[in-house]
Colleague: 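Below is a structure I'd like to ask you about.
So that the names make sense, note that chain A is the first sequence line, chain B the second, and so on, each numbered from 1.
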2 protein chains.
Amino acid sequence: MSKTAVSFAFNNPDRLSSETATRIREVADHLGYRPHPVARLLTQRQTMTLGVLTPQALAVIFSNPFFALFSEGVAHAAEELGYELHFISPRNGSLAAAVRRATVDGVVAIGLSGDHPEVEQIRSAGLPMVLVDSEDLPEHCSVVVDDEGGARAAAEHLVELGHRDILVVAVERPDSATDPSPTGVAERRLRGYRTVLTAAGIDLSPEWIVAGRASIDGGEAAFQRAWAYGLRPTAVLAMSDAMAIGSMRAARQLGLRMPADLSVVGFDDIDLAALVDPALTTVHQPIRQKGVDAVRLLLAEMEQRSGIQPEHLRLETRLIVRGSSGPVPSQRQEVQRQV
Amino acid sequence: MSKTAVSFAFNNPDRLSSETATRIREVADHLGYRPHPVARLLTQRQTMTLGVLTPQALAVIFSNPFFALFSEGVAHAAEELGYELHFISPRNGSLAAAVRRATVDGVVAIGLSGDHPEVEQIRSAGLPMVLVDSEDLPEHCSVVVDDEGGARAAAEHLVELGHRDILVVAVERPDSATDPSPTGVAERRLRGYRTVLTAAGIDLSPEWIVAGRASIDGGEAAFQRAWAYGLRPTAVLAMSDAMAIGSMRAARQLGLRMPADLSVVGFDDIDLAALVDPALTTVHQPIRQKGVDAVRLLLAEMEQRSGIQPEHLRLETRLIVRGSSGPVPSQRQEVQRQV
DNA sequence: AGTGTCCACTAAACCGGTTTTCTAAACCGG
DNA sequence: CCGGTTTAGAAAACCGGTTTAGTGGACACT
């Protein structure tokens, strides 16, 4: 039998007599033969895989509930459309190297600010890409949420409850050693906080902003650091739920009760937020939906290459008030008033 | 320039005069050229990616904290060794189809019992594979934990506290519609529970075993179902932490306090277990480590093809007593004694 | 019987690289 | 000045398939 016949037997059995076709297949799985998947990809010129690009190491990614929820959305949409998922993250520290080797038809990039050189690399490689949580590249589709508005809502909530000594627990970017500028997300949230606090006559001085890794431990350490520094906030604005929960843990260890002594407001509304005690007041953002929409946009772009206008999606955020926030403690309130 | 020269410029620059090499590269990234990654794979005959094979849809996978932790372990080990990760899950319901197209050098299969036809397919395709949570295929490496021992410890703990009306909340396999037999894991844990209960003179009748999806919602529904059926347990043995937490939620809605009215013991010890209130008594298993070891074994097998004895790893479990379990309520205890 | 269609299958080109082998010029010592 | 060794680059084979363009025989029709 020619290899043409074998190929037909697998992909185009109508072009063979049904007899030979079945015979070929029989022999094939008797021999444990399968068409080499890589060779197929080469001729078919598409891999039916989508890349999920992150500047962070995979191991930290999977332990991040935010990312898990986002991946769930991406996976859901990709699966529905028949695509597989391939995670692209730095190889030996180089994201560029990982991109070079990536065998994907398109890329969803999350947490990648526009200034990364990799995005240029991806475009010049001709890979369709959509950015999530960053829209500073107008020529690429993007999905963002209203971070600033959500942050404003969180800050307003605390101001209305009478808080004036507010600690901001910020997320630092993971590669902050080499690049200390905050990510776009952190910047936008901080801007939201600041707008409201300034309007309320509260001066957000730098020492009231502490940063750390966006994890429970990171939040715990950040709050402890602020406390050790002498800060005595009545409320915390945390840029992620994980950090908020970490702050609550640290506060509890210091003997503070929530929300009686300390109000905490998070950001993201991960599943865990509703499960902790007290349940976390937080800003909800449609994380899963971001994943779904990103894939939807990506496929639209892939289908009509060199296509129309890039689309920029902006999803809403909203404050969810739960048990972790309450009125400012009365004696503190008086102290504030007297000053 | 010949394409040979271009190839050398990228992979083997020493074979060109440094002058031409740099010139080629300049022209290349001026033109936005990159060596086609798929074509490379074809000649190099390895993809440097590892497959993570699951019989469940990706979307459900990522929302599962157990799987997240496992993936973290896999990712950590893979990354360290320079491998990428590709998730293999059913395509249009067919896991076999997904395996056929998978461009990976090896496979870590989790939650795949030995009776799946796919494992045979994978072997005949010549792909190295290690099984996690299943060891009924002696010719493949495997990583398991002592599920039965852990289950025994959990049951003993409750028996020692005086409980006799114990509800078992079991995980059903996700494709239970087509295949109602429990997975190996559920089987082993159930065996552990039963051993201890029987020895204590407690007859675990079928209606005291309720099954559901291995999620918080699944656990909640399962407990509600049992309650509606008229069962009034003083303790719950849940086969996963998520289901344990769901049961606690259901119980709280029914007005029960934990551990005063109801003791709950989970399984897995996911991060969340320590964070809920009351903190969950549970059986710890080294989930992350399972991922690391699976990759380690896989690479060992890949390096020395057709190699030595397949290795079978068995990791320990241990009971972690937290706040969700306590002595049986006294009046119930009396009722029991009188009967 | 001659010829036009179909049918079942095959030869050859191609996908886009890598790798081995080859060639021609430069270099070298005696 | 000549044979032998480097050196820079090119030609050709190969990876393992898919796809296009044949090819030869069976069959039908006139």
Side-chain angles (χ1 to χ4, degrees), chain A residues 1-49 82 84 96-105 121-122 124-127 302 305, chain B residues 1-49 51 82 84 96-106 121-122 124-127 302 305:
Chain A
M1 284 290 100
S2 67
K3 64 177 186 171
T4 311
V6 177
S7 177
F8 283 154
F10 278 90
N11 311 309
N12 213 346
D14 299 342
R15 291 201 44 178
L16 254 44
S17 75
S18 60
E19 186 191 344
T20 16
T22 49
R23 195 158 53 80
I24 289 179
R25 305 207 58 153
E26 268 167 23
V27 175
D29 57 82
H30 184 263
L31 264 52
Y33 166 86
R34 65 163 182 170
H36 194 305
V38 173
R40 286 187 105 142
L41 293 187
L42 185 59
T43 53
Q44 286 171 180
R45 312 169 68 70
Q46 59 171 335
T47 61
M48 292 305 281
T49 4
E84 325 230 330
V99 168
R100 241 192 316 276
R101 316 179 18 119
T103 56
V104 297
D105 295 338
Q121 181 195 357
I122 291 173
S124 73
L127 275 179
M302 282 162 57
R305 322 274 318 198
Chain B
M1 285 288 101
S2 69
K3 63 179 187 170
T4 313
V6 177
S7 177
F8 283 154
F10 278 90
N11 311 309
N12 212 346
D14 297 342
R15 290 203 42 178
L16 254 44
S17 74
S18 62
E19 185 192 343
T20 16
T22 49
R23 193 158 55 80
I24 289 179
R25 303 206 60 151
E26 268 168 22
V27 175
D29 56 83
H30 184 262
L31 264 52
Y33 167 87
R34 63 163 183 172
H36 193 305
V38 172
R40 291 188 100 142
L41 294 188
L42 185 58
T43 52
Q44 285 170 182
R45 308 168 71 70
Q46 60 171 333
T47 62
M48 293 305 280
T49 67
E84 324 229 331
V99 169
R100 239 191 319 276
R101 315 178 20 118
T103 55
V104 297
D105 295 338
Q121 180 195 355
I122 290 173
S124 73
L127 274 179
M302 283 164 53
R305 321 272 320 195

Colleague: Between B:S18 and B:R45, which residue's closest nucleotide on DNA chain D lies nearer the 5′ terminus?
Modeller: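 Mapping each residue to its closest nucleotide by heavy atoms, the 5'-most match is B:S18.
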Colleague: Quick one: label B:S17 by what it contacts on the DNA or RNA (base, sugar-phosphate, nothing), any heavy atom closer than 4.0 Å.
Modeller: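 Since only primed, P, OP1 and OP2 atoms lie under 4.0 Å of B:S17, the category is sugar-phosphate.
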Colleague: Which nucleotide wins on minimum distance to the side chain of B:R40, given the candidates C:dG17, C:dT10, D:dT18?
Modeller: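 Of all the options, the side chain of B:R40 is nearest to C:dG17.
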Colleague: Taking CD from A:E19 and C1' from C:dC7, how many angstroms apart are they, rounded to a whole number?
Modeller: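 For the pair A:E19 CD and C:dC7 C1', the rounded distance is 14 Å.
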Colleague: Looking at every strand, decide which applies to B:R15 at a 4.0 Å heavy-atom threshold: base, sugar-phosphate, or nothing.
Modeller: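 The residue B:R15 makes base contact.
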Colleague: Using a 4.0 Å heavy-atom cut-off across all strands, classify A:F10 as base, sugar-phosphate, or nothing.
Modeller: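 No contact.
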Colleague: With respect to the side chain of A:S7, which nucleotide from C:dA11, D:dT18, C:dC9 is positioned closest?
Modeller: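 So the nucleotide nearest the side chain must be D:dT18.
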Colleague: For B:L41 and C:dC15, what is the distance between atoms CG and C1' respectively, to the nearest whole Å?
Modeller: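 The answer, rounded to whole Å, is 14 Å.
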Colleague: Between A:N11 and A:S7, is any pair of side-chain heavy atoms under 4.5 Å apart?
Modeller: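 They are in contact (side-chain heavy atoms under 4.5 Å apart), so the answer is yes.
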Colleague: Quick one: are A:V104 and A:L127 in side-chain contact, heavy atoms under 4.5 Å?
Modeller: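 The answer is yes; the side chains approach within 4.5 Å.
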Colleague: Rounded to whole Å, please give me the gap between NZ in B:K3 and C1' in D:dC14.
Modeller: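 Going from NZ in B:K3 over to C1' in D:dC14 covers 10 Å.
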Colleague: Return no unless some side-chain N or O of A:S2 is found under 4.0 Å from OP1 or OP2 of C:dT10.
Modeller: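 For C:dT10, OP1 or OP2 has a side-chain N or O of A:S2 closer than 4.0 Å.
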Colleague: Working note: A:S17 + A:T20, criterion side chain to side chain donor-acceptor pair (under 3.5 Å); need CA distance, chi angles, decisive distance, verdict.
Modeller: CA-CA 6 Å; A:S17 75; A:T20 16; 2.4 Å; yes
Colleague: When the distance from CG of A:D14 to C1' of D:dT19 is rounded to whole Å, what number comes out?
Modeller: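 Taking atom C1' of D:dT19 as the reference, CG of A:D14 is at 16 Å.
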Colleague: Measure from the side-chain heavy atoms of B:F8 and tell me the nearest of C:dT19, C:dG16, C:dT10.
Modeller: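 Out of C:dT19, C:dG16, C:dT10, the nucleotide with an atom closest to B:F8's side chain is C:dT19.
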Colleague: Rounded to the Å, how far apart are B:R23 CZ and D:dA8 P?
Modeller: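 It works out to 14 Å between those atoms.
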Colleague: Tell me the partner of C:dG30, counting only Watson-Crick (N1-N3 plus N6-O4 or O6-N4) or G-U wobble (N1-O2 and O6-N3) with both under 3.5 Å; none if nothing fits.
Modeller: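 D:dC1 is the nucleotide pairing with C:dG30.
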Colleague: In whole angstrom, what separates B:L42's CG from D:dT18's P?
Modeller: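 From B:L42 CG to D:dT18 P: 12 Å.
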Colleague: Ignoring hydrogens and angles, tell me if any N or O in the side chain of A:R34 forms a donor-acceptor pair with the backbone of B:V99 under 3.5 Å.
Modeller: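 Judged by distance alone, yes, a pair lies under 3.5 Å.
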Colleague: Hey, does B:N12 reach any base, or is it just sugar-phosphate, or nothing, if we go heavy atoms under 4.0 Å?
Modeller: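 It contacts nothing in the nucleic acid.
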Colleague: Provide, to the nearest angstrom, the distance between the NE2 atom belonging to B:H36 and the P atom belonging to D:dG17.
Modeller: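 Taking NE2 of B:H36 and P of D:dG17, I get 17 Å after rounding.
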Colleague: With a 3.5 Å distance limit and no angle check, can you tell me whether B:E84 reaches the backbone of B:M48 through a side-chain donor-acceptor pair?
Modeller: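 Answer holds: no.
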Colleague: Can a donor-acceptor pair under 3.5 Å be found between the side-chain atoms of B:T20 and the base atoms of D:dA8?
Modeller: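 Flag unset: no donor-acceptor pair detected.
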Colleague: Rounded to whole Å, how long is the line connecting atom CD of B:Q46 with atom C1' of D:dC15?
Modeller: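 So the two atoms are 14 Å apart, to the nearest Å.
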